[in-house]
2 protein chains.
Amino acid sequence: MAPADGATGATHLKRVGRRRVLETIRRVGKIARIDIAQETGLSPATVTAATSDLMNAGLIEEVAQDLGGTVKRGRPRVLLRLRAKAHLVAGVKIAHRRASVLIADFEGKEIASADTDLPSARMTADGLMQEIARAVAAACACAGIASADLSGVGVALAGQIDATSNFVHWSSSLTDRNVDFGTDPAEGAPWPVFFDNDANLVAKAEHLMGEGRGVDNFLVVTVEHGVGMGIVIDGKIYRGVHGCGAEFGHTKVALDGALCQCGQTGCLEAYLGDYAVLRAAGLTPAMDAPADIGLVQKAALAGDARAQDALTRASDMFALGMANMINLFDPELIILSGAQTCFDHLHSPKVTEKIQNSVLRIDAPLPDIRVHQWGDLMWARGAATFAIEQISLRTIQTMAQNAA
Amino acid sequence: MAPADGATGATHLKRVGRRRVLETIRRVGKIARIDIAQETGLSPATVTAATSDLMNAGLIEEVAQDLGGTVKRGRPRVLLRLRAKAHLVAGVKIAHRRASVLIADFEGKEIASADTDLPSARMTADGLMQEIARAVAAACACAGIASADLSGVGVALAGQIDATSNFVHWSSSLTDRNVDFGTDPAEGAPWPVFFDNDANLVAKAEHLMGEGRGVDNFLVVTVEHGVGMGIVIDGKIYRGVHGCGAEFGHTKVALDGALCQCGQTGCLEAYLGDYAVLRAAGLTPAMDAPADIGLVQKAALAGDARAQDALTRASDMFALGMANMINLFDPELIILSGAQTCFDHLHSPKVTEKIQNSVLRIDAPLPDIRVHQWGDLMWARGAATFAIEQISLRTIQTMAQNAA
DNA sequence: CAATATATTTTGACACGTAAATTAATAGTG
DNA sequence: CACTATTAATTTACGTGTCAAAATATATTG
């Protein structure tokens, strides 16, 4: 067994409690202390103490007004909510040649956003930090705030990352390997930067602010150029031992199957990803234009047999992959998250039926499968959510220390 | 968020601590208090309190003597170990037409074992309980103990089971569905009975007493007639929301592939299971003789091309499935557990190479993959281990209550 | 035997959560 | 409009757990 992580005993309990209370408030939106006690199982006394701490730290506030409708007698409940102005954060998604930035308040509300071109697809660690700073500065300018007003910046990278230690083993955006970005405000930047894998961050966003609110065991699947997954187990992102699990897109669904970007064959992604469907349909995307499934769908509707086959095969393989995940994880919910992804060919009664027929317990109801269209800022939003969470945790940590 | 499970606050902490201490002792075998403190991160004072409680409860004892070799000065450390005589338990595996029973002491050491034929493959809940009682009684007779001397009985069933509430949603051994076996000593039996899924119980046995000791994230794969899996995450069995996950054998590895026992096609099991390999090799098992992979291996060695193909395809598919698990779970360790299973064709440098070539991060080392040959009593042993764990937890629970 | 080293136990202090009592703030009621 | 009933939130007093430090136990070394 691992030695306890420094925090044994009661001090640790306090942090956990404060965190539970804050998460409950975030999840429900507006909630009275008495209901927090109900939800969390803590006593009203403890909730009073916790909320008092959180208010002193500025993370939450009392909402001036009533809940209108229900007029009951007795002392009226005082609703609490997040204090949106508590912090400003930025979320940055580093894509192939582009960084997109979202500035958000502590509630997660979008304040501003901006896209920046990157000089190259792969950079050194220092180079990446500079680009992040540049992109964030540009977004701050849009928002009319100073870069120094941000409390923290979350960054979503493709790659293998140990989020707890801010250590990037490997990323497709970095030329360096095994970079330790440390835990303090970065050099040349006034705020701390928190790195994590992009798919994990979408899962985090779904958990805290999306379709996964209040659900503690679910999967998040993204289908774009590649196919990604985030796993939430017991309310926590599951990362595996080295932080390189959840590679749904590279699970094999055939022996000697289609050729994948990764160089191997038979990966699910090689049937599902944008590039794969276009390839199978015999279409070539215009130079620099993003591969667009819409083209294939249009062709299929127009009667193009090859396009139809490509879509059918993609949906067959998708159903097979989904059934595999259900057979393995038995999740409560699967969220199909996309920025602009069209899930029409992947989420239909027909596909659901295929999934149902490939799940072992055929008579059991399938888990809830929901499509969540986030829009272009999905990935950046995940990063921003991560920053909010990290800031919250740090604040709670400091809070617990100060008490001593 | 789920409301706290009744146990908030400090009382709960105590139970967790006691449990950690007991698990450490079980894992290490003989250990001094000071080392327990080291391992668990608890303070020596707390360890003294905990071990004192555990000794009063009779679960552990001081071992009379030294550790011989190293003569150091200072007060000599006193080693602690489980008190084997603390409890006797039975583990029962219900198979198609046969129940096998293992009687073990609190350390898990085998006291006796016995097999019993079952009148039918599927029974009512009452019928099953009677058969369990009969089989256990027979084993007790062998061991020369009274049935009432047992503190508890664990039962391994194929099926979907909620182990925390002892609720069997469905089992291949039961005609009834949704049977609640309750938490108290069963009717007609002097001891409490603890049910769980058989694959989960093998995983539990590996975790507490097998190759998974001290490892908190690993997979256990069993290949016999069917193909099963147990998942350990953060030191706990992962069960999914309905308790029907980890169906590794029924993940699909091909569209429209081989026909599986479950009625579907392309299941991994339809390439790997005993019956599948014999089928592919064109051999028919003798009536009532267990399907024996050895036959196929012999034929292959003798130059039978069809047998060779069957084995090659099985190992190809196995490698593919293993790679999928690694890509998804990124585990620290995968244990191939078998009673008598011969893993020769599934665990060789050739297969390892195939796995390596199908894992996304090709340059990363594979997780440790170990074969564990338990012998015939593997399944029953899992059930006995479960009983030991449940008894321990109950004792600790009572301990914590009594303090108040 | 004194000095030193190491393991364990005891003691006293501190932190946390909670039940119960108290205070606060409202609606009904005659 | 006082007065009561009712519900929410806070304060108080207390029990429990862990831990640091001190005390104790038991060995070796010189």
Side-chain angles (χ1 to χ4, degrees), chain A residues 4 6-21 30-56 60 62-63 65-80 396 399-404, chain B residues 4 6-21 30-56 60 62-63 65-80 396 399-404:
Chain A
T8 331
T11 319
H12 185 240
L13 257 190
K14 185 170 178 177
R15 282 214 297 277
V16 171
R18 301 294 183 268
R19 185 173 169 177
R20 282 252 297 280
V21 170
K30 295 178 184 175
I31 184 171
R33 290 174 178 80
I34 187 78
D35 291 325
I36 297 176
Q38 182 76 35
E39 288 278 322
T40 59
L42 297 168
S43 74
T46 306
V47 172
T48 292
T51 52
S52 163
D53 283 357
L54 291 170
M55 280 181 65
N56 285 336
I60 61 172
E62 297 188 336
V63 35
Q65 255 313 340
D66 56 356
L67 65 161
T70 31
V71 234
K72 283 184 308 190
R73 68 179 174 173
R75 178 174 176 170
R77 41 188 58 189
V78 180
L79 298 183
L80 301 171
I396 288 175
M399 230 160 67
Q401 280 169 2
N402 285 355
Chain B
T8 331
T11 319
H12 185 241
L13 256 189
K14 184 170 180 179
R15 281 213 299 275
V16 171
R18 300 292 182 268
R19 184 173 169 177
R20 281 252 297 279
V21 169
K30 293 179 183 174
I31 184 171
R33 291 175 177 79
I34 187 80
D35 291 324
I36 297 176
Q38 183 76 35
E39 288 277 321
T40 59
L42 297 169
S43 74
T46 306
V47 172
T48 291
T51 53
S52 164
D53 283 357
L54 292 170
M55 282 181 64
N56 285 338
I60 63 172
E62 297 188 337
V63 36
Q65 251 316 333
D66 55 358
L67 63 162
T70 32
V71 234
K72 282 183 307 188
R73 68 178 171 175
R75 176 173 178 173
R77 44 187 57 189
V78 180
L79 298 183
L80 301 172
I396 288 175
M399 232 162 64
Q401 280 169 2
N402 286 356

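Values reported hereafter were calculated over all heavy atoms of this structure, with side chains retained and with hydrogens, waters and symmetry mates removed. In what follows, every chain begins at residue 1, and chains take the letters A, B, ... in the order their sequences are listed. All figures in this text were calculated on a predicted structure; none of them were measured in a lab.
- Among residue pairs with one or both ends in residues 43-53 of chain A, those qualifying as salt bridge (charged side-chain N to carboxylate O under 4.0 Å, His left out) are A:R18-A:D53; sequence neighbours excluded.
- Partners of A:T51 by side-chain contact (heavy atoms from CB on, under 4.5 Å), not counting sequence neighbours, listed by chain and number: A:V21, A:R33, A:I36, A:V47, A:I60, A:L80.
- With values rounded to the nearest 0.5 angstrom, B:E62 atom CD is found 4.5 Å from B:M55 atom CE.
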Hey, what are the protein-to-nucleotides 19-23 of chain C N/O distances that come in under 3.5 Å?
none

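- Axis angle, first five pairs versus last five pairs of the helix from C:dC1-D:dG30 to C:dG30-D:dC1: 20°, rounded to 10°.
- By the side chain to side chain donor-acceptor pair (under 3.5 Å) test, A:T46 pairs with A:S43, sequence neighbours left out.
- Partners of A:D35 by side-chain contact (heavy atoms from CB on, under 4.5 Å), not counting sequence neighbours, listed by chain and number: A:I31, A:A32, A:R77.
- Protein atom CZ of A:R18 is 11 Å distant from nucleotide atom C1' of C:dA15, rounded to whole Å.
- In this structure, the side-chain contact (heavy atoms from CB on, under 4.5 Å) partners of A:S52, at least two apart in sequence or on a different chain, are A:N56.
- Atom CG of A:L80 and atom P of D:dA8 are 13 Å apart (whole Å).
- Within the 4.0 Å cut-off from OP1 or OP2 of C:dT6, not a single side-chain nitrogen or oxygen of B:K72 is found.
- Nearest-nucleotide positions on DNA chain C place B:T51 closer to the 5' end than the other of A:P76 and B:T51.
- OP1 or OP2 of C:dT18 sits under 4.0 Å from a side-chain N or O of A:T46.
- We find that CG of A:L13 is positioned 7 Å from C1' of C:dC16, with the value rounded to whole Å.
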